[in-house]
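Hydrogens, waters and symmetry mates play no part in the numbers below; they use all other heavy atoms, side chains included. Index from 1, following the sequence. Computed from a prediction, not measured in an experiment: that's the story for all the values here. Note that ligands are numbered from 1 as they come in the structure, with each ligand's atoms numbered from 1 the same way.
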Amino acid sequence: MISAEKLKILVESAKFDVSCSSSGSSRKNKGGIGNASMGGICHSFTQDGRCISLLKILMTNNCVYDCAYCLSRRSNDFPRAIATPDEICELTMEFYKRNYIEGLFLSSAVYKNPDYTMELLLETVIKLRKLYGFHGYIHLKGIPGADQKLIMRAGEFVDRMSFNLELPTEKSLRLLAPQKTKKSILTPISFLHGEKDADRSKKSRFLPAGQTTQMIVGASPERDGQILNLTQALYKKYALKRVYYSSFVPTTNSALLPTVPAGLLREHRLYQADWLIRFYGFSVGELISENENLSKDYDPKCAWALKHPELFPVDVNTAPLEMLIRIPGIGVKSAYKIISARRYGRLSITDFERMKIALKRAIHFITFSGKFFGSIKENMIERALKSLDNSKNYEQLSLFSNSEINTSVLTGEL
Ligand code: SF4
């Protein structure tokens, strides 16, 4: 069985990877129960909003690479450990049997070389499935640069794989993660996507939960527009399930990195914009230009609406679905409620209250058969919207406050 000391090192080192869940909490245990800053078991979310627990661990944090932003980098003086495939399997099985976890998120530093590390990971997942009979969820972090055959074989045994893009451009990778290239990361993503596409016709079970990736935001100078354009391209080209954004936190003393954290608000805004691209029919170009950052003051849908006074107010009794979902504060579920209720008569503001459709934001952008109840002056609307957003303390879902979508899904879904 794996030693407690080794386990501590390997779960602590894994906690900065957000490609399966949220991270970044610094809240510590001051005498009560629980500790949000510890690694170990993380939560992730299925597409239907169900929360599941995963054992989140590295195979090893002993790395031959030297990425400037990473605690496990070669040049960092840090306790190192390596687990054997059997240790990971036994730990997963024991935790699973005790009902601590429903799955495994297994990642690794690059130990010796990419092929050697990928072989270790592959051996672990094959053993888990075949020898230990584990049928729970497995998310495996792939090793860029490893042999394609190893990566494809792993896809037959795990539910999800992720290759982290880490930084948005080749230039930043060269500077901060010199042993990685965009090609070495995108090539396996492309292979897996191709195989999954071919596999769909055979109805077998290759990588059933698809692929995700992660980008660190704020460690390099790229703007949100550039990051979101890349995100949009990744969704289109490789049908990724999610792109995760990890706001940069200085954990090393590299002179190449900013000395201040990028902040959770930036990460939060990117998730909001990402959601609009995936579910609300927005293109990146509508929300932001390549060299801009998202507004700090307003969520991206409000910021877009304020830039387009010519499109508002929208009459809720006549607007098509595509326009209803573009109204700040109106989510997809509420828009469908409106369309369905309109069949029985003209809607009034009291109907919205009865249907529990939030009006705090929307009120400034809608009319009810020509009647307007919002602020008339532009600066009054902006002030009202700003106060709404600031009062939320960057809760992950201010854009979708009418609860039509499980809040947790923003920070991780399976
Ligand atoms: S490859 Fe880079 S990011 Fe990954 S563990 Fe090694 S130093 Fe850290």
Exercise for the section: Spell out, as yes or no, whether a donor-acceptor pair under 3.5 Å connects the side chain of Gln179 to the backbone of Asp66. Expected result: yes
Problem - Any donor-acceptor N or O pair under 3.5 Å, side chains Ser3, Glu5 - result: no
Exercise for the section: Would you check if there is a donor-acceptor pair between the side chains of Arg269 and Gln272 at a distance under 3.5 Å? Expected result: yes
Practice task
Give a yes/no on ligand 1: does Lys180 have at least one heavy atom closer than 4.0 angstrom to it?
Solution key: yes
Practice task
Identify which protein N/O/S atoms are less than 2.8 Å from atom 8 (Fe) of ligand 1.
Solution key: Cys70 SG
Handout entry: Close side-chain approach of Leu7 to Glu87, heavy-atom, < 4.5 Å
Key = no
Practice task
State which residues pass side-chain contact (heavy atoms from CB on, under 4.5 Å) with Ser254; sequence neighbours excluded, sorted by chain then number.
Solution key: Ala68, Arg73, Thr252, Leu256, Leu257
Problem - N/O donor-acceptor pair under 3.5 Å between Ser162 side chain and Lys141 backbone - result: no
